[in-house]
Amino acid sequence: MLDLKLVQKNPELVREALEKRGSDIDIEVFNSLDQKRKELVQEVETLKAERNRASGEISKRKRSGEDASDLIETMGKVASRVKELDSELGEIEAREREWLVSCPNIPNETTPLGKSEDDNPVLRYWGDKPKLDFKPKEHWELGTALGGLDFERAAKLAGARFAVQFGWAARLERALAAFMLDVQVGEHGHTEVIPPYMVNSTSMFGTGQLPKFAGDSFKLADWDYYLIPTAEVPLTNLYRDEVLEEDMLPVKFCALTPCFRSEAGSYGKDTKGLIRQHQFHKVEMVRFAHPEHSYEDLEEMTANAETILQKLGIHYRVIELCTGDIGFSSAKTYDIEVWLPGQDKYREISSCSNIEDFQARRANIRFKPRDSKKTAFVHTLNGSGLAVGRTFVAVLENFQQADGSLLIPEALKPYMGGIEKVEAP
RNA sequence: GGAGAGGUGGCCGAGCUGGCUGAAGGCGCACGCCUGCUAAGCGUGUAAUGGGGUAACUCAUUCGGGGGUUCAAAUCCCCCCCUCUCCGCCA
């Protein structure tokens, strides 16, 4: 959520930001609502002041035994007018707020201009594509052939966009998750968290999933519970309505959680394999940062995510999302895209964003600067470190062998219970 | 699932037979005084948000959230949320 005052006092800045994003949100709608609001407020407050004065007078007369019926009668009329204006004002304010919470964040000035994902600049590459002297399989083909992946039975249990992992595949998933956590906790100083995997609508609102993206999540019938689409939601909301000490910042959390997404609107996209599932595991990093240092935090967090692929020895590139492709809440986002030989493509495996104070304002997360009496909003950041399911895909596609077997990357061996190579049954 | 208790300012805690109560008292905090040994005492001040004014100041809103009654609601009525205790059930 943007600062109401900013939108009121600097609508041009907001208009510009919306244009850069290619957003269809109209600032004029807000402007006219706000104009009307100001007029109503002025009128109703004048009446209320009059009513309060009269109330005091009535009270005084009553206590001294005087008659006040004339005042009471006049105030009856004022009261009904106040009621009218109040309800009108309430409606305007509700619409104004609706506009405000549907308005995306203002991109940071360093976020590159662009219309779509085609305009996202590549910042850097790490490593090299593996030299395979055979035609690489796609991960679902390999995983199925090796007896680890089963999409048919998953469809029987639940439906499309689910998978069952057996034996080595389940073990590999667990190994990846444990490995990632060990790095993010042990080497990068994150505090490990196990949060609820369901959250209430207030939490979903706090991070920006609601109200605009309600259809993207799973909601439990008859409960105000949503399955978390990412651990960003519970982790960021941990400090909702709290005031942190300046010395605490940055606070660095990470969590391994399942993530649940409806993937509405993605019909026909990535229908095969593990790339786009209703349920997947992700190690998520969330930071509460000092506003003055949040962009350094973004660089560090992105590096934290990259470390995982470097240790695994998998080629990737880092791109920066342009203004037309950046997420609703984000001011600046780096995506890490891993190389998938089977698909012959780079695919997103991590997304690291600085949300600045956009979520902090929604969720009311503040800190107390040492030299000031006023509290200020923190900056929140989040990034995958990494998406476990997609890393599983990357391992399969990058470490497959000509004979159809799969080698386990060095870094994962300690986690694999002695499995070093997976061969067809 | 059943029964009960409660949600008030940074915190604790009165008020809840409706009317100078934005809210006693305490703690904490800030400033000042006093005092020469840890420390204590005394005095004063101390909510947030929005509007107007250079300013002193002033107006409005806020006692979990929403609605209602009334000239007037922290106080009365209705709905919802949350927390706690006891019982039941349960990995």
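A note on names: the letters A, B, ... follow the listed sequences, proteins ahead of strands, and every chain is numbered from 1.
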| said: Closest approach to the side chain of A/Lys5, judged atom by atom: which nucleotide of B/G50, B/G19, B/U61 is it? | reply: B/G50

| request: Tell which nucleotide pairs with B/G41, taking only Watson-Crick or G-U wobble pairs whose two distances are both under 3.5 angstrom. | output: B/C33

| message | Distance check needed: B/U70 P versus A/Arg51 CZ, whole Å only. | response | 13 Å

| message | Counting the atoms with a prime plus P, OP1 and OP2 as sugar-phosphate, which does A/Gly76 contact under 4.0 Å by heavy atoms, base, sugar-phosphate, or nothing? | response | sugar-phosphate

| Presence of A/Lys60 side-chain N/O under 4.0 Å of B/C71 phosphate oxygens OP1/OP2 | no

| said: Give me the distance, rounded to whole Å, that separates B/G6 from B/G10 when you measure between the P atoms they each carry. | reply: 23 Å

| Quick one: is the NZ or CZ of A/Arg174 closer than 6.0 Å to the six-membered ring centre of A/Tyr415, and within 45° of its axis? | no

| Between B/C59, B/U69, B/A72, which nucleotide has the shortest distance from any of its atoms to the side chain of A/Lys83? | B/U69

| message | Using whole Å, what does the distance between atom C1' of nucleotide B/A48 and atom CG of A/Asn364 come to? | response | 12 Å

| task | To the nearest Å, give me how far apart CG (A/Asp86) and C1' (B/U62) are. | result | 14 Å

| query | Expressed as a whole number of Å, how far does the P atom of B/C20 sit from that of B/A72? | reply | 15 Å

| Between A/Lys252 and A/Glu300, is the closest basic N to carboxylate O distance under 4.0 Å? | yes

| said: Nearest whole Å is fine: how far is B/G51 P from A/Lys9 NZ? | reply: 6 Å

| remark: Rounded to whole Å, the CD-P distance (A/Glu93 to B/A60) equals 17 Å

| Base, sugar-phosphate alone, or nothing: which one does A/Lys62 contact when heavy atoms must sit under 4.0 Å apart? | base

| request: Rounded off to whole Å, could you give me the CG-to-P distance for the A/Asn200 and B/C82 pair? | output: 8 Å

| message | Say we look at B/C11 and B/A47: how far apart would their C1' atoms be, to the nearest angstrom? | response | 13 Å

| query | Between A/Arg61 and B/C20, does any side-chain N or O lie under 4.0 Å from OP1 or OP2? | reply | no

| query | What residue pairs, at least two apart or across chains, pass ring pair (Phe, Tyr, Trp, His ring centres under 6.0 Å) with a residue in residues 62-101 of chain A? | reply | A/Phe30-A/Trp99

| Could you give the CG-to-C1' distance, from A/Leu89 to B/G50, as a whole number of Å? | 12 Å

| request: Dump the intermediate steps for salt bridge (charged side-chain N to carboxylate O under 4.0 Å, His left out) on A/Arg81 and A/Glu84, then the final yes or no. | output: CA-CA 5 Å; A/Arg81 178 66 183 147; A/Glu84 265 174 46; 2.9 Å; yes

| said: For residues 56-83 of chain A, which residue pairs pass the ring pair (Phe, Tyr, Trp, His ring centres under 6.0 Å) check, not counting sequence neighbours? | reply: none

| Paired nucleotide for B/G18 [Watson-Crick or G-U wobble; both distances under 3.5 Å] | none

| said: Using a heavy-atom cut-off of 4.0 Å across all strands, would you classify A/Leu71 as base, sugar-phosphate, or nothing? | reply: nothing

| According to a strict under-4.0 Å criterion, is A/Asn52 in side-chain N/O contact with OP1 or OP2 of B/C59? | no

| request: Round to the nearest Å and state the distance from A/Ile72 atom CD1 to B/U70 atom P. | output: 13 Å

| task | Indicate, with a heavy-atom threshold strictly under 4.0 Å, whether A/Ala54 touches base, sugar-phosphate, or nothing. | result | nothing

| query | Yes or no on side-chain hydrogen bond (donor to acceptor under 3.5 Å, both in side chains) for A/Glu263 and A/His278, after CA distance, side-chain angles and deciding distance? | reply | CA-CA 7 Å; A/Glu263 294 298 345; A/His278 284 313; over 6 Å; no

